[in-house]
Amino acid sequence: QVQLAESGGGLVQAGGSLRLSCAASGRTVSWYAMGWFRQAPGKERDFVAVISASGARTTYGDSVKGRFTISRDNAKESVYLQMNNLQPEDTAIYYCATSTVKAWTKEFSDYDVWGQGTQVTVSS
């Protein structure tokens, strides 16, 4: 059974940066795509980024393109989200997830393993 644990969230001023980490345990995730999603209060969980099993392919949500970078280190069973030029609208709980049923997907419903989330708050 795969378990995911996010870290690295916090409070940052607008224009600042944070790097989120997600560590997997229990079973390797090196065969699976890994994604980041976020959920702001009162809103649906939105797609942020996804990276393929090899790390060669990435895709981003429109609102974070050019500011966020997803990467992974399969030797460490970890995936990362570098977030630059953060804005107040980026404030949300950020979740990492993996899909053990689909090789590549941006759809929330395809992800079957989720971390507990880490809070990111951006002040103006």
Side-chain angles (χ1 to χ4, degrees):
Q1 194 82 335
V2 175
Q3 294 180 324
L4 302 175
E6 303 94 336
S7 61
L11 174 64
V12 64
Q13 289 187 331
S17 299
L18 282 174
R19 187 186 192 223
L20 304 184
S21 298
C22 173
S25 61
R27 188 175 152 192
T28 184
V29 293
S30 61
W31 300 334
Y32 307 125
M34 299 289 296
W36 285 97
F37 290 78
R38 66 185 183 185
Q39 188 166 19
K43 295 188 177 181
E44 295 183 349
R45 197 167 295 191
D46 289 335
F47 167 75
V48 174
V50 60
I51 188 166
S52 64
S54 68
R57 183 183 178 188
T58 59
T59 295
Y60 297 91
D62 289 341
S63 61
V64 306
K65 280 180 184 175
R67 299 188 298 124
F68 291 12
T69 303
I70 188 171
S71 61
R72 68 189 298 163
D73 184 340
N74 284 339
K76 295 183 178 180
E77 299 288 351
S78 294
V79 64
Y80 309 99
L81 187 68
Q82 177 67 43
M83 306 186 294
N84 297 329
N85 191 22
L86 283 160
Q87 299 301 315
E89 53 266 34
D90 296 315
T91 295
I93 298 174
Y94 283 71
Y95 298 89
C96 74
T98 189
S99 174
T100 63
V101 296
K102 286 238 176 142
W104 178 261
T105 179
K106 298 188 295 182
E107 297 299 322
F108 163 81
S109 59
D110 290 332
Y111 285 81
D112 52 346
V113 182
W114 292 84
Q116 82 287 350
T118 185
Q119 177 71 48
V120 171
T121 303
V122 185
S123 63
S124 57

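Just so it is clear, the structure is predicted and the values come from calculations on it, not from any experiment.
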Between the main-chain N or O of [Y] and the side-chain N or O of [X], is there a donor-acceptor pair closer than 3.5 Å?
{"X": "S99", "Y": "D110", "result": "yes"}
{"X": "E6", "Y": "T118", "result": "no"}
{"X": "S7", "Y": "C22", "result": "no"}
{"X": "W114", "Y": "Y111", "result": "yes"}
{"X": "N85", "Y": "R67", "result": "no"}
{"X": "E77", "Y": "V29", "result": "yes"}
{"X": "R72", "Y": "G55", "result": "no"}

Value rounded to 0.5 Å, distance of [atom1] in [X] from [atom2] in [Y]:
{"X": "W36", "Y": "R38", "atom1": "CH2", "atom2": "CZ", "value": "12.5 Å"}
{"X": "C96", "Y": "I70", "atom1": "SG", "atom2": "CD1", "value": "9.0 Å"}
{"X": "K102", "Y": "Y32", "atom1": "NZ", "atom2": "OH", "value": "15.5 Å"}
{"X": "Q119", "Y": "Q39", "atom1": "CD", "atom2": "CD", "value": "11.0 Å"}
{"X": "E89", "Y": "S124", "atom1": "CD", "atom2": "OG", "value": "10.0 Å"}
{"X": "I51", "Y": "T59", "atom1": "CD1", "atom2": "OG1", "value": "10.0 Å"}

Quiz item: Could you walk me through whether D46 and F108 pass the side chain to side chain contact (heavy atoms under 4.5 Å, CB included) check?
Solution: CA-CA 8 Å; D46 289 335; F108 163 81; over 6 Å; no
Quiz item: Do the non-hydrogen side-chain atoms of Y80 and D73 ever get within less than 4.5 Å of each other?
Solution: yes
Could you see if [X] belongs to whatever hydrophobic cluster contains [Y]? Use Ile, Leu, Val, Met, Phe, Trp, Tyr and a side-chain cutoff under 4.5 Å.
{"X": "V122", "Y": "V48", "result": "yes"}
{"X": "L86", "Y": "L20", "result": "yes"}
{"X": "Y95", "Y": "L4", "result": "no"}
{"X": "W104", "Y": "F47", "result": "yes"}
{"X": "I93", "Y": "L18", "result": "no"}

Practice problem: List the steps, then state whether side chain to side chain contact (heavy atoms under 4.5 Å, CB included) holds for D90 with V120. | Solution: CA-CA 8 Å; D90 296 315; V120 171; 5.5 Å; no
Self-check item: Over all atoms of both residues, closest heavy-atom pair of A53 and S30
Solution: CB-O, 3.4 Å
Quiz item: If every non-hydrogen atom of A40 is compared with every non-hydrogen atom of A92, which pair is closest and at what distance?
Solution: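 Closest approach of A40 to A92: N-CB, 3.8 Å.
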Quiz item: When you check the side-chain N and O atoms of T100 and R27, is any donor under 3.5 Å from an acceptor?
Solution: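 On atom types as modelled, these side chains do not qualify, holding no pair under 3.5 Å.
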Quiz item: Which class fits the ring pair Y94 and F68: parallel under 30°, tilted 30 to 60°, perpendicular over 60°?
Solution: tilted
Exercise. I would like to know whether T105 and V50 meet side chain to side chain contact (heavy atoms under 4.5 Å, CB included); could you show each step before the answer?
Key: CA-CA 8 Å; T105 179; V50 60; over 6 Å; no
